[in-house]
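Written below as structure tokens is the structure these notes are about.
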Amino acid sequence: MSTNRLRRQLLAGGTAALASVTGAVGQSKAIAPAATQLPRSLPAFRPTLFQSFFLGGFECSTHRRADGRRLDLIAATGHDRLARSDYGQLASHRIRTVRDGLRWHLIEAAAAGDYDWSSALPMLRAAEAEGMQVLWDLCHYGWPDGLDVFSAAFVERLARYAAAFSRLHLEETGRPPMVCPINEISYLAWAGGDMALMNPMVRGRGGELKRQLVRAAIASIQSIREAAPGARIMTAEPVIHIASPSGADPGPARAHLEAQFQAWEMLTGKLAPELGGKPDLLDVVGVNYYWNNQWLCARPQLAGAQWLCEGPTLSPFDPRARPLRRLLADVHARYRRPIFLAETSIEGELRAAWLRHVCMEVWEAMRDGVPLEGVCLYPVLSHPGWADDRYCPNGLLEMEVQNGRRVEHAPLVAELLYQQDRLQDLLARAGQP
């Protein structure tokens, strides 16, 4: 996920093209015709992984910023206090599955192995009371103070904490959990290991950090499965596309593009097998995709052995962009695992238009045989920005509470209902010629 500062800088470049989703249909149709038409039918496939095809994801970042400030977006949005109400409100919109997060820095704040579940149990019990299925992020960019992410202790402590939560979940619910050990390994390695935008705030160590995070994820998956057999493991990573300027060397963009798969490849053991990866460690593949996940490699930079490419965003209707349906198909063809769109959103008045565009692409991907299990509106609750606490209006729900419920973004509510109904129509005709 990009920083809020970068999102603001790029938004101006993407707004005009995205407006064509709601207005100038002819332009988008000429560039990406399949993205504007409802497929007549789908293959005989039924999503079964989640309680609802559309999920809601609560922003739960807990990292330290470059200035040292610790973020806690669950507390900042009041979701820790309003979890049951939030879950119930989403259920009223036919969302029965959510992504949510544990705050490791609070749970293991006192000492290694000393777990205080007081920040997690109310949310876990609220989900049970509302019949909400939850995919829990164990480490969403943040970890306990004093713990060196590059140390062997990081691997060991994450694995022990993951096992402890798995046992707790089993005791509380009678079911093994669905968890994501480390959210967006690739983004964290770039933001924290190459760009010094967040912890551990270093440069030129992105590759090293990625390997260490994968090492920790592997140990955690193994400990989770030992503690709670049958647990489902999600690995959520951003998918991107980068184009090269006309006449420029395409090598850096290609190298950066290939790097997006490294975390998954390490988990399977295809890359860096010395880390201990194995094919069965990759379970549910979560694909994160935002409006600014495609850009032009205008400023290639070699950081160690890895190319970093920065540049202006590409509209999804730019001929140099790659349709989302193709990106999803690429990932599924590569791994053949259960797959879902684990994060997607945009800010402001384009929220409904973005969901419509994404759903058109998802329906096309499914028509082409990609067995997508769901689409997660992430974040489903608007929140304060990472960098400056500005209000980020990107959710189905707003932070404001009136008469015991969050204020809702009406256009996105209407679009969600429309797409839910379209999905039911498509599934009813699945397998038909």
Side-chain angles (χ1 to χ4, degrees), residues 49-51 58 60 62 74 83 97-129 131-144 147 149 151-185 188 212-237 263-264 266-269 275-286 337-338 342:
L49 187 60
F50 306 126
Q51 291 183 168
F58 291 91
C60 54
T62 61
I74 290 179
T97 303
V98 298
R99 288 190 63 191
D100 216 325
L102 304 179
R103 290 168 286 174
W104 186 14
H105 72 288
L106 298 179
I107 292 169
E108 201 177 7
D114 184 0
Y115 303 116
D116 176 0
W117 300 109
S118 60
S119 65
L121 275 173
M123 296 173 64
L124 180 58
R125 290 168 179 169
E128 286 298 291
M132 187 64 70
Q133 181 187 41
V134 184
L135 286 71
W136 296 100
D137 284 3
L138 302 184
C139 175
H140 199 107
Y141 304 142
W143 45 83
L147 178 57
V149 69
S151 68
F154 179 88
V155 176
E156 295 165 2
R157 283 179 61 175
L158 181 62
R160 289 201 302 268
Y161 152 62
F165 173 71
S166 299
R167 289 190 291 269
L168 177 72
H169 190 282
L170 197 56
E171 292 167 3
E172 286 284 322
T173 70
R175 303 183 309 276
M178 301 182 75
V179 295
C180 176
I182 304 176
N183 178 67
E184 288 194 329
I185 289 173
L188 177 53
Q212 175 71 347
L213 294 172
V214 169
R215 189 179 288 113
I218 289 171
S220 298
I221 294 169
Q222 293 169 338
S223 71
I224 291 165
R225 288 176 171 172
E226 290 175 5
R232 299 306 301 264
I233 311 296
M234 179 186 73
T235 50
E237 295 292 326
W264 283 321
M266 290 177 186
L267 280 174
T268 65
L275 298 178
K278 297 183 298 182
D280 68 353
L281 294 177
L282 189 61
D283 183 7
V284 180
V285 173
R337 296 291 193 276

From [atom1] ([X]) to [atom2] ([Y]), nearest 0.5 Å:
X	Y	atom1	atom2	answer
E156	S223	CD	OG	12.0 Å
M266	L213	CE	CG	10.0 Å
Q222	I224	CD	CD1	10.5 Å
N183	C139	CG	SG	8.5 Å
L158	R215	CG	CZ	13.0 Å

Quick check: closest heavy atoms across [X] and [Y], and the distance to 0.1 Å?
X	Y	value
A342	G286	CB-CA, 3.8 Å
D137	C180	OD1-CB, 3.3 Å
M123	A83	CG-CB, 4.1 Å
L170	A227	CD2-O, 4.1 Å
S119	P122	C-CD, 4.2 Å
Q212	A152	NE2-N, 4.4 Å

Do L124 and T173 make a side-chain contact, defined as non-hydrogen atoms from C-beta onward lying under 4.5 Å apart?
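The answer is yes, as the side chains (C-beta and beyond) meet within the 4.5 Å cut-off.
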Could you check if a side-chain atom of P338 sits within less than 4.5 angstrom of a side-chain atom of R232, using non-hydrogen atoms only?
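Yes, their side chains come closer than 4.5 Å.
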Could you go through L135 and V98, starting from their C-alpha distance and side-chain angles, then the distance that decides it, and tell me whether this counts as side chain to side chain contact (heavy atoms under 4.5 Å, CB included)?
CA-CA 6 Å; L135 286 71; V98 298; over 6 Å; no
Answer yes or no: is there a donor N or O on one side and an acceptor on the other, between the side chain of [X] and the main chain of [Y], under 3.5 Å?
X	Y	value
E184	E237	no
D116	S118	yes
H169	R175	yes
E108	P144	no
Y161	L138	yes

What do the steps show when you test I74 against R103 for side chain to side chain contact (heavy atoms under 4.5 Å, CB included), and what is the final call?
CA-CA 9 Å; I74 290 179; R103 290 168 286 174; 3.9 Å; yes
Evaluation steps, side chain to side chain contact (heavy atoms under 4.5 Å, CB included), between Y115 and F165
CA-CA 9 Å; Y115 303 116; F165 173 71; over 6 Å; no
Within the 6.0 Å centroid threshold, strictly below: W136 and F58
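No, the ring of W136 stays outside the 6.0 Å limit from the ring of F58, centre to centre.
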Candidates I221, I233, T268 - the one meeting side-chain contact (heavy atoms from CB on, under 4.5 Å) with L282:
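That would be T268.
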Out of L49, D283, T97, which residue meets the side-chain contact (heavy atoms from CB on, under 4.5 Å) rule with M178?
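Of L49, D283, T97, side-chain contact (heavy atoms from CB on, under 4.5 Å) with M178 is met by L49 alone.
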Worked verdict on W104 versus H140 for side chain to side chain contact (heavy atoms under 4.5 Å, CB included)
CA-CA 9 Å; W104 186 14; H140 199 107; over 6 Å; no
For the residue pair T235 / W264, report whether a side-chain donor-acceptor contact shorter than 3.5 Å exists.
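Looking only at side-chain atoms, T235 and W264 do form a donor-acceptor pair, the distance falling under 3.5 Å.
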Check the orientation of W143 and F154. Use parallel for under 30°, tilted for 30 to 60°, and perpendicular for over 60°.
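Taking F154 first and then W143, their aromatic rings stand perpendicular (interplane angle over 60°).
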